[in-house]
There are 2 protein chains.
Amino acid sequence: MLQITRDGEYAVRAVLFLASQPEGKISLINEISEAQEVPKSYLSKIMQHLTRSGLVKSRRGAKGGFVIGRPADTITLRETIEAVEGPIFLNVCLIKKGECHRDVFCPVHPVWKEAQKRLFEVLDSKTMADLVKDASEIEKSNAEDKKHRN
Amino acid sequence: MLQITRDGEYAVRAVLFLASQPEGKISLINEISEAQEVPKSYLSKIMQHLTRSGLVKSRRGAKGGFVIGRPADTITLRETIEAVEGPIFLNVCLIKKGECHRDVFCPVHPVWKEAQKRLFEVLDSKTMADLVKDASEIEKSNAEDKKHRN
DNA sequence: CTTAATCAAGACTAAAATCATCCTAATTAT
DNA sequence: ATAATTAGGATGATTTTAGTCTTGATTAAG
């Protein structure tokens with residue numbers, strides 16, 4: 001349907017949450033679930049994928065939980081989404097050469113290629129660090145607005 | 001899954017086929033189906049959608065069939081896809097204001113907005129007339145290559 | 001060494017979407 | 001009349017989506 005799934009959306013929320021925590025702070029599934037409004041048991045599955053991909057690190061047992069797996073400025077939006085959804089291809093003809101035999105003469109193929117490139121430019125250029133910063137600026141701006149409304 | 005469906009792909013093939021026919025030429029489901037490698041009965045459903053949206057015109061009965069509904073240079077790739085798939089939204093938060101209540105503070109929301117804008121720039125800029133022209137150039141170039149290989 | 005806290009892994013499920021097929025009805029030219 | 005076509009709707013198999021639940025493994029602390 002040309003739309004990211006809940007998996008992708010929730011993964012972004014979770015990684016973003018971890019990226020915004022103070023260094024060394026361990027977060028529990030419960031915390032992340034409540035703060036980011038993601039069903040707990042569903043989030044649990046998503047965290048497993050993120051852990052296996054290395055984007056987050058987990059520790060089991062008492063005092064266990066999750067921390068971000070790499071510096072937030074090395075994790076892009078695209079990488080986070082693809083960690084749980086698998087690689088993005090806007091059309092099957094982009095999966096690999098020969099996946100669609102029409103690609104050699106199909107005039108639409110290059111358009112999909114370009115569209116995907118443009119999409120990736122956006123998703124690759126935003127890191128989790130950028131987004132944390134953006135969030136704090138939005139918050140500041142919202143607070144300003146509120147003050148002015150009084 | 002962030003991928004267009006077969007519906008979208010097949011709709012583009014069908015409209016492109018009609019756009020490449022000589023003026024006034026009426027095409028049958030069978031012709032389109034064979035030329036574009038789309039299952040006939042499936043294509044039939046897709047043609048119904050395209051007809052209702054006005055992108056193609058149909059005539060029933062003997063000597064009936066399909067013709068393109070508007071000048072090919074007024075039909076974009078995006079319009080063709082949306083005619084059968086419905087409007088494209090890369091994430092639910094883009095459907096409409098308030099669809100996701102987090103949009104007011106979510107730092108990812110503006111990124112999706114930008115990503116979708118860039119995607120639309122590509123899909124809006126290619127008309128069926130452009131694609132017909134591109135196809136003929138690809139064909140010419142392929143013929144050249146073949147000649148040189150001999 | 002027991003226990004409580006936590007994540008890991010996989011089974012399970014309901015609902016929807018995807019990708020079709022098939023049959024009957026309506027329409028049109030000859 | 002009849003043959004040729006599209007229109008519309010019912011049906012269906014398979015996959016994906018969006019979750020839930022149960023059991024097992026690991027860890028810290030008393």
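All chains are named by letter (A, B, ...) in the order of the sequence lines, taking the proteins before the strands, and each is independently numbered beginning at 1.
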> Taking protein heavy atoms under 4.0 Å as touching, what does nucleotides 24-30 of chain D look like 5' to 3' if B marks base contact, S marks sugar-phosphate-only contact and - marks none?
Replying inline: -BBBSS-
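To the nearest 0.5 Å, atoms CD (B:Gln3) and CG (A:Asn91) are separated by 6.5 Å.
The distance from atom CG of B:Asp7 to atom C1' of D:dT16 is 16 Å, rounded to the nearest whole Å. Between A:Leu2 atom CG and C:dT18 atom P the separation is 11 Å, expressed in whole Å. What separates CG of B:Leu43 from P of D:dA7 is a distance of 11 Å, to the nearest Å. Distance, A:Leu28 CG to C:dT6 C1': 8 Å, rounded to whole Å. Taking atom CD1 on B:Ile4 and atom P on C:dA17, their separation rounds to 18 Å, with Å as the unit. Here C:dT18 presents its P atom at 14 Å from CD1 of B:Ile81, a figure rounded to the nearest Å. Straight-line distance from the CD1 atom of B:Ile26 to the C1' atom of C:dT27: 14 Å, rounded to whole Å. Spacing between atom NZ of A:Lys57 and atom C1' of C:dA8 amounts to 18 Å, rounded to whole angstrom units.
Between A:Glu79 and A:Arg70 there is a salt bridge, since at least one side-chain N of the basic residue sits less than 4.0 Å from a carboxylate O of the acidic one. A salt bridge between A:Lys25 and A:Glu31 is present, with a side-chain N of the basic residue lying under 4.0 Å from a carboxylate O of the acidic one.
For the pair B:Ser58 and D:dA7, the criterion of a side-chain N or O lying under 4.0 Å from OP1 or OP2 is met. Contact annotation: B:Tyr42 does not reach the phosphate of C:dC22 (side-chain N/O to OP1 or OP2, under 4.0 Å).
Residues A:Ile4 and B:Met1 do not share a hydrophobic cluster, clusters being chains of Ile/Leu/Val/Met/Phe/Trp/Tyr side chains in contact below 4.5 Å.
The hydrophobic cluster containing B:Val67 also includes B:Ile26, under a criterion of side-chain heavy atoms closer than 4.5 Å among ILVMFWY residues, counted directly or through chains of members. Through side-chain heavy atoms spaced under 4.5 Å, either directly or across other Ile, Leu, Val, Met, Phe, Trp or Tyr residues, A:Leu28 is tied to no other residue.
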Can you tabulate the close N/O pairs, meaning under 3.5 Å, that link protein atoms to atoms of nucleotides 10-14 of chain C?
| unit_1 | atom_1 | unit_2 | atom_2 | d |
| --- | --- | --- | --- | --- |
| C:dG10 | N7 | A:Lys45 | NZ | 2.4 |
| C:dG10 | O6 | A:Lys45 | NZ | 3.3 |

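When the nucleotides D:dT17, D:dA7, C:dA20 are ranked by their closest atom to the side chain of B:Pro39, C:dA20 comes out on top. Taking every side-chain heavy atom of A:Tyr10 into account, D:dG19 is the closest of D:dA7, D:dG19, C:dC7.
Applying the side chain to side chain donor-acceptor pair (under 3.5 Å) test to A:Arg59 and every residue at least two apart in sequence or in another chain returns nothing. Here B:Glu37 pairs with A:His101, A:Arg102 under the side chain to side chain donor-acceptor pair (under 3.5 Å) rule; sequence neighbours left out.
Nearest-nucleotide positions on DNA chain C for A:Met1 and A:Asn30 put A:Asn30 closer to the 5' end.
At the heavy-atom level, A:Met47 lies nowhere under 4.0 Å from the strands shown.
The backbone N or O of B:Tyr10 sits nowhere less than 3.5 Å from a side-chain atom of B:Gln36 that would complete a donor-acceptor pair.
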